Amino acid sequence: MNEFKLSSLFFQYRWMIFLSAITAAIFSCLGLTMPLLMKFVIDRVIPHKDYGFFFLLTVIMIAVYTLRIIMRIVCGYLGTFTVTRGLLDVRQRIFKHLQSLSLRFYEEYRTGKLISNVISDVALLQGLIGLCIAWITEFFTMGLITFAVFFLNWKLGLIAMCALPLHFINFYFSNKRLRKTSRELQEKMSEISANLAETINGIKVVKSFSKERSECRHFFSNMRPTLDLALKLNLQNNFCYGVFDCLTLTTYLTIIGCGISMAGTAEFTVGDFVAFYSYIGLQVGPINALAAQMNTLSQGLAGAQRIMKLLEVIPEIKDSPNAKTAKPFQGEIVFDHVSFKYADAPVLKDFSLTIKPGQKIALVGHSGCGKSTIGNLVLRFYDVCSGAILIDGKDIRSFTQDSYRSQIGVVLQEPFLFSGTIRDNLAYGKPDATMEEIEEAARVANVAEFVEKLENGYDTVIGENGATLSGGQKQRLAIARAVLKNPGILLLDEATSALDTVSEKLVQQALDSLMKNRTTIIIAHRLSTIRKADLIVVLKDGVIAQKGTHEELMEQEGTYRDLYETQRKAATEDGEGEISKDAHIFYQQHPRALELERTAKKRWLR
């Protein structure tokens, strides 16, 4: 990234920044009248006791500083508005960009780093935008002061100006060092943020393995380099400031030494000398501000580099220029010689399958065979490497992503709920849903029975990712969310994996009703849930190994029968095994359910 790209990021605010800088410049320039007042007082008021002229100067100064107060208010308002609105738009732009990126990006980029980009790096831009305004003001002020000192005495003016190039050379080389250190510090802080987010998300694992002390040591060891980098940054900044002080002192002493021999003449009065020296002091002010802001500048530029690097990531999945809005699907899905791979690892190889409208298809196989990948491709979380996926005869890449995915209902293997109310989560896919529709979806998915027992009902806040709910309750809420969406195509990715057998039976009936006359793709490990599927497709190493109904596949030797027999044997050996937490909650609500649980397990023996 370079400064040109950074300026383009805020190009839309150029006039606001310019107007803020102009008002700030007027505010600063009004403050330059004081040395002139001192010149007139020394050269005219004191020698001649001209109090009338002093009264006139007093009135003028009151008017000038009244205007200065007004400019301060206007400048502060415009500056705050520009900076705050700029940061708001940058965060919106980053968030919108993140939404456009594919799942592959999120698999490779750590969550903590993204949070650091959106929050910390953008916050650093606040100082950078303020610097843009301040620097315009400071350079304008320095220009006026330069004109004033040359007007008072051009010889002393030349001597004073000799130090300016040295100041800027100091700033240039100091900034290069500071930017490098700032970038290293922010990269380290983003790594710490990522580790912190990871540890918090996995706090149950940390506690279950008694790794609290180990994680604390790891956290402190990661923090230690930030102390060294912060100290290095401070030393570099102070070195820049030290060089500035040396140059400033040299300038002052030179001006005083040369001014002694010139002051007191008609061409250069004592008042002129006092005014000249005051203006040199005022000129040092902007230079001093530039030196003090070097750290802010380096941190802001480092943050901007990280933001631009993120914004330059090209979305892998994009709408084609001629993409059309998807109309309600009839539900025919055709996989036409589809191949796909993650990096260099092939997952699907020349996969072809036709799913008729309203047909219920189950995908089974060992872990890693490509079942979930097919679901991701149907949702167009990834694009196929070769071949095509057709819906009702049209390539899914010909539709806009929003309109296409709105036609598909999904229940994922790991249900995710937002930290709002139950009502908000159920209506996530259909924000305009009425309360009657929400309650009906909850009833169909067997959610109403536990929601109605809660003190606040559907207005109960469930915490981050449904922390207050059991696994089965979260899964049923996810199913109810899909029910409310009322899609033409359903994708159930291990949809009942978090349910005990009894809860699964209760939800399965609701799912059967939901799947009626809808094209449904079921991804499942528990083969007991797919026995009624119209077609079962068995995958092995990315290709179709077997396909047929449950009865047909059980008559064949192969992967399906092996998996089925293995699961039946495992269920039989469980026998009177321990009851899961979710089942225990359910049994408390239904005292006779335990008997049904055991009866269901025995069905595997048939």
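Note that this is a predicted model, so its numbers are computed, not measured.
- Put simply, the residue from Thr520, Asp534, Thr519, Ile489 that forms a side chain to side chain contact (heavy atoms under 4.5 Å, CB included) with Ile355 is Thr519.
- Applying the side-chain hydrogen bond (donor to acceptor under 3.5 Å, both in side chains) rule to Tyr342 yields the partners Thr373; only residues at least two apart in sequence or on another chain are considered.
- Within the model, atoms OG1 of Thr434 and CD of Glu439 stand 8.5 Å from one another, a figure rounded to the nearest 0.5 Å.
- Counting only distance, with no hydrogens or angles, the side chain of Gln546 and the backbone of Thr559 share a donor-acceptor pair below 3.5 Å.
- Scanning for side-chain hydrogen bond (donor to acceptor under 3.5 Å, both in side chains) contacts around Asp383 gives Arg380, with sequence neighbours left out.
- Salt bridge annotation for Lys188-Glu191: absent, with no cationic side-chain nitrogen under 4.0 angstrom from a carboxylate oxygen.
- Closest approach of Ser406 and Ser403 over heavy atoms only: OG-O, 2.6 Å.
- For the pair Ser102 and Phe381, the tightest heavy-atom approach, listed with the atom from each and the gap, is CB-O, 4.0 Å.
- The two residues Glu316 and Arg104 have their closest heavy-atom pair at OE1-NE, 3.0 Å.
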- side chain to side chain contact (heavy atoms under 4.5 Å, CB included) between Arg93 and Val90: does it pass, once the steps are laid out? CA-CA 5 Å; Arg93 179 173 174 179; Val90 170; 5.6 Å; no
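- Contact detail for Gln359 and Leu535: the closest heavy-atom pair is NE2-CB, 4.3 Å.
- Leu539 is listed as a side-chain neighbour of Ile544, based on a closest heavy-atom distance under 4.5 Å.
- The CG atom of Leu311 lies 12.0 Å from the NZ atom of Lys96; values are rounded to the nearest 0.5 Å.
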- Task: Step by step, work out the side chain to side chain contact (heavy atoms under 4.5 Å, CB included) result for Asp121 and Gln305.
- Result: CA-CA 9 Å; Asp121 290 340; Gln305 284 181 315; over 6 Å; no
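- Qualifying side-chain contact (heavy atoms from CB on, under 4.5 Å) partners for Ala545, counting only residues two or more places apart in sequence or in other chains: Lys540.
- A donor-acceptor pair is defined here as one N or O able to donate and one able to accept, closer than 3.5 Å; such a pair exists between the side chain of Arg405 and the backbone of Leu379.
- By the 4.5 Å heavy-atom criterion applied to side chains, Leu310 and Leu98 are counted as neighbours.
- Applying the ring pair (Phe, Tyr, Trp, His ring centres under 6.0 Å) definition to pairs two or more places apart or across chains, those involving residues 527-558 are His550-Tyr560, His550-Tyr564.
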Could you tabulate the donor-acceptor pairs under 3.5 Å formed by side-chain atoms of residues 384-394, not counting sequence neighbours?
| residue | atom | partner | partner atom | Å |
| --- | --- | --- | --- | --- |
| Asp392 | OD1 | Gly331 | N | 3.1 |
| Asp392 | OD1 | Glu332 | N | 3.1 |
| Asp392 | OD2 | Gln330 | N | 2.8 |

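- Taken to the nearest 0.5 Å, the CG atom of Asn456 stands 11.0 Å off from the CZ atom of Arg423.
- Screening Asp459, Val461, Ile462, Ile438 against Ile422 for a side chain to side chain contact (heavy atoms under 4.5 Å, CB included) leaves a single residue, Ile462.
- Annotation: side-chain hydrogen bond (donor to acceptor under 3.5 Å, both in side chains) contacts of Asp424 (sequence neighbours excluded): Thr421.
- Considering only heavy atoms from C-beta on, Asn376 stays 4.5 Å or farther from Phe340 through its side chain.
- A 6.0 Å sphere centred on CD of Gln99 holds more than 12 heavy atoms belonging to other residues, nucleotides or ligands.
- Not counting sequence neighbours, the partners of Phe418 by the ring-ring contact (aromatic ring centres under 6.0 Å, His included) test are Phe416, Tyr428.
- Every side-chain contact (heavy atoms from CB on, under 4.5 Å) that Ala441 has, sequence neighbours left out, goes to Val483, Leu484.
- Paired with Phe335 under the rule side chain to side chain contact (heavy atoms under 4.5 Å, CB included), one option of Ile374, Thr354, Leu348 passes, and it is Ile374.
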- Query: Could you walk me through whether Arg443 and Glu440 pass the salt bridge (charged side-chain N to carboxylate O under 4.0 Å, His left out) check?
  - Reply: CA-CA 5 Å; Arg443 185 191 62 78; Glu440 176 61 20; 2.5 Å; yes
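- Not counting sequence neighbours, Glu215 has no partner by the salt bridge (Lys or Arg N to Asp or Glu O under 4.0 Å) test.
- What you find for Cys369 and Lys371 is that their closest heavy atoms are SG-CG, 3.3 Å.
- Counting only distance, with no hydrogens or angles, the side chain of Lys485 and the backbone of Ile408 share a donor-acceptor pair below 3.5 Å.
- Side-chain contact check for Val122 versus Ile307: some heavy-atom pair is nearer than 4.5 Å.
- In terms of heavy atoms, Ser320 sits closest to Arg397 at OG-O, 3.6 Å.
- For the atom pair CE of Met435 and CD of Glu437, the computed distance is 11.0 Å after rounding to the nearest 0.5 Å.
- Looking only at side-chain heavy atoms (C-beta outward), Val313 and His97 come within less than 4.5 Å of each other.
- The closest side-chain heavy-atom distance from Asp493 to Val410 is not below 4.5 Å.
- The side-chain contact (heavy atoms from CB on, under 4.5 Å) check on Thr549 picks up Glu551, Glu552, with sequence neighbours excluded.
- Ile396 contributes atom CD1, which lies 13.0 Å from atom CD of Gln407 (distance to the nearest 0.5 angstrom).
- Looking only at side-chain heavy atoms (C-beta outward), Thr460 and Val451 stay at 4.5 Å or farther from each other.
- Rounding to the nearest 0.5 angstrom, the gap separating the NZ atom in Lys430 from the CZ atom in Arg481 is 15.5 Å.
- Qualifying side-chain contact (heavy atoms from CB on, under 4.5 Å) partners for Glu452, counting only residues two or more places apart in sequence or in other chains: Ala448.
- Side-chain contact between Leu101 and Pro315 is present, with at least one heavy-atom pair separated by less than 4.5 Å.
- Between the Ser339 side chain and the Asp350 main chain, a donor and an acceptor come within less than 3.5 Å of each other.
- Judged as a ring-ring contact (aromatic ring centres under 6.0 Å, His included), and not counting sequence neighbours, the contacts of Phe329 are Phe399, Tyr404.
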